[in-house]
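Presented below is the structure to which this report refers.
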Amino acid sequence: MKRSTIRFLSALGKLLLVLFCLWLCFHFYQRARGRYHTPRPVGLVQNTRALYLDGDALTAALEQEGYTFLARSEGDNSADLAALLDEGAELVFLALEEGETEQAPALLEQAGRAGATLVFLGAAPEEAVLESYDKAWYLGGSPAYGGEVLGKALADAFRDGQLQDKNTDGLLQYRAYAQDEPDFADSLLSHTLEECEHYGVFSALYAPGSATVEEEESQAGLDEFEKMLLAQQQEQELAAAEQPPELLLAADGANAQAALAEAEEFGWAEQGVSLAGFAASRDEAGQLLEEGVSAAVYYDLDEVTRLAGLMVQNREKGEDLAQDTGYSPDGRFFLVPYQLYE
């Protein structure tokens with residue numbers, strides 16, 4: 001064999017050895033970054049009436065990245081969480097109703113024993129409760145954010161004449177619809193009216209007669225028969241009122257439907273009474289506008305779901321949960337703005 005050939009083969013061998021060493025370095029770097037290991041399971045508990053996270057969309061997104069997504073909604077938050085932790089879930093999203101926030105400390109204790117991250121959805125636990133565990137978070141919308149969006153839209157419409165001041169008193173006469181989850185619903189509506197005032201539009205509760213007052217106050221101490229008589233009296237007063245309200249304000253889609261039905265019953269729709277409110281998703285908001293609602297602000301389900309997926313991936317990589325999400329948490333709270341349907 002010629003000496004030149006030997007030198008060529010020797011150089012080629014050295015080059016291949018260098019390339020092999022570089023490949024090994026890259027391989028071990030990727031392993032250290034978690035590229036080759038199986039992602040840890042993710043869980044979802046959602047026993048709530050409303051949908052606060054799109055489990056199907058999140059499942060599709062995460063399974064493409066090799067994640068196992070576990071969902072359990074058997075009606076008992078504690079038992080469902082325990083089952084997911086037993087299955088190996090190390091990050092769990094758990095939705096709470098308004099009356100369930102007192103469960104949060106016990107649920108965090110469960111998650112803490114397993115060393116799992118627990119992200120609450122829906123009703124938000126108190127900040128002090130979340131701060132008691134370094135892997136506790138909240139993801140969702142704030143009533144203050146929702147009220148800001150709808151309040152500004154209503155104030156603009158009132159000043160522009162789209163929302164009519166029928167009795168020319170300079171006040172927005174409203175009738176509120178806030179059944180089922182009164183605390184959260186009242187918070188949404190109160191923030192809406194406060195934001196209207198911020199823009200110089202003041203409001204007054206519509207009350208055509210003495211019996212039409214806040215429901216809890218009007219029914220305090222009454223038996224069922226007396227409540228029925230009061231409801232009939234209120235209905236008669238609404239029907240007889242010469243001046244209708246100027247705005248029907250609904251806390252969610254179901255209440256908006258009730259408002260639409262009442263507007264139809266008393267002929268308010270023909271008199272130009274506006275209806276505005278909140279929806280659980282963009283699709284629901286669009287449907288409400290098609291049915292006659294003037295303005296609808298919606299909980300951004302798609303954005304919450306997108307952010308949840310990024311939080312999962314950041315945790316898996318050992319990075320800050322907010323990394324590359326476009327959000328900076330307010331303490332332990334990831335707050336996603338509500339959106340006005342346009």
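Pairs of residues two or more places apart, or lying in two chains, never qualify as ring pair (Phe, Tyr, Trp, His ring centres under 6.0 Å) while including a residue from residues 59-90. Residues in residues 323-339 take part in these side-chain hydrogen bond (donor to acceptor under 3.5 Å, both in side chains) pairs, two or more places apart or across chains: E303-Y327. Sequence neighbours left out, the pairs with a member in residues 108-130 that pass salt bridge (Lys or Arg N to Asp or Glu O under 4.0 Å) are E109-R113.
In this structure, Y133 is a member of the same hydrophobic cluster as L121, with clusters built from ILVMFWY side-chain heavy atoms closer than 4.5 Å. Put simply, L205 and F158 are part of the same group of oily side chains (I, L, V, M, F, W, Y) that touch within less than 4.5 Å, one to the next. Cluster annotation: Y145 and L340 are assigned to the same hydrophobic cluster (Ile/Leu/Val/Met/Phe/Trp/Tyr, side-chain heavy-atom contacts under 4.5 Å, transitive). Each of Y174 and F202 belongs to its own hydrophobic cluster when Ile, Leu, Val, Met, Phe, Trp and Tyr are linked at side-chain heavy-atom distances under 4.5 angstrom.
The backbone N or O of Q162 sits nowhere less than 3.5 Å from a side-chain atom of D160 that would complete a donor-acceptor pair. Between the side chain of E100 and the backbone N or O of L96 there is no donor-acceptor pair closer than 3.5 Å. Looking at S73, its side chain does come within 3.5 Å of a backbone N or O of Q46 through a donor-acceptor pair. At distances below 3.5 Å, at least one donor-acceptor pair connects side-chain atoms of T305 with backbone N or O atoms of D54. Although no hydrogens or angles enter the test, the distance criterion places no donor-acceptor pair under 3.5 Å between the side chain of N314 and the main chain of E319.
Side-chain contact, N167 with Q243: no donor N or O sits under 3.5 Å from an acceptor N or O. Of the N and O atoms on the side chains of Q103 and S78, not one donor lies less than 3.5 Å from an acceptor on the other residue. Checked by atom type, the side-chain pair N255/D252 shows a donor-acceptor distance below 3.5 Å.
Test E87, E65, E316 against R40 for salt bridge (Lys or Arg N to Asp or Glu O under 4.0 Å) and you get one pass: E316.
In this structure, the ring pair (Phe, Tyr, Trp, His ring centres under 6.0 Å) partners of Y138, at least two apart in sequence or on a different chain, are F333. Not counting sequence neighbours, the partners of F334 by the ring pair (Phe, Tyr, Trp, His ring centres under 6.0 Å) test are W137. Y298 meets the side-chain hydrogen bond (donor to acceptor under 3.5 Å, both in side chains) test with R282; sequence neighbours excluded.
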Could you give me the CA-CA distance, side-chain angles and deciding distance for Y299 and Y52, then say whether side-chain contact (heavy atoms from CB on, under 4.5 Å) is met?
-> CA-CA 8 Å; Y299 174 84; Y52 295 106; 3.8 Å; yes
Please test L53 against L58 for side-chain contact (heavy atoms from CB on, under 4.5 Å), starting from the C-alpha separation and ending with a verdict.
-> CA-CA 8 Å; L53 186 70; L58 186 58; 3.8 Å; yes
Test T101 against V129 for side-chain contact (heavy atoms from CB on, under 4.5 Å), laying out the working first.
-> CA-CA 10 Å; T101 53; V129 173; over 6 Å; no
Step by step, would you call Q257 with L288 a side-chain contact (heavy atoms from CB on, under 4.5 Å)?
-> CA-CA 8 Å; Q257 295 293 343; L288 290 176; 3.7 Å; yes
From CA spacing to verdict: salt bridge (Lys or Arg N to Asp or Glu O under 4.0 Å), K152, D156 = CA-CA 6 Å; K152 183 180 185 304; D156 289 344; 3.0 Å; yes
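To the nearest 0.5 angstrom, R159 atom CZ is 9.5 Å from C196 atom SG. Here CZ of F93 is found 6.5 Å from CG of L139. Values are rounded to the nearest 0.5 Å. A distance of 5.0 Å separates CE in M311 from CG in L321, rounded to the nearest 0.5 Å.
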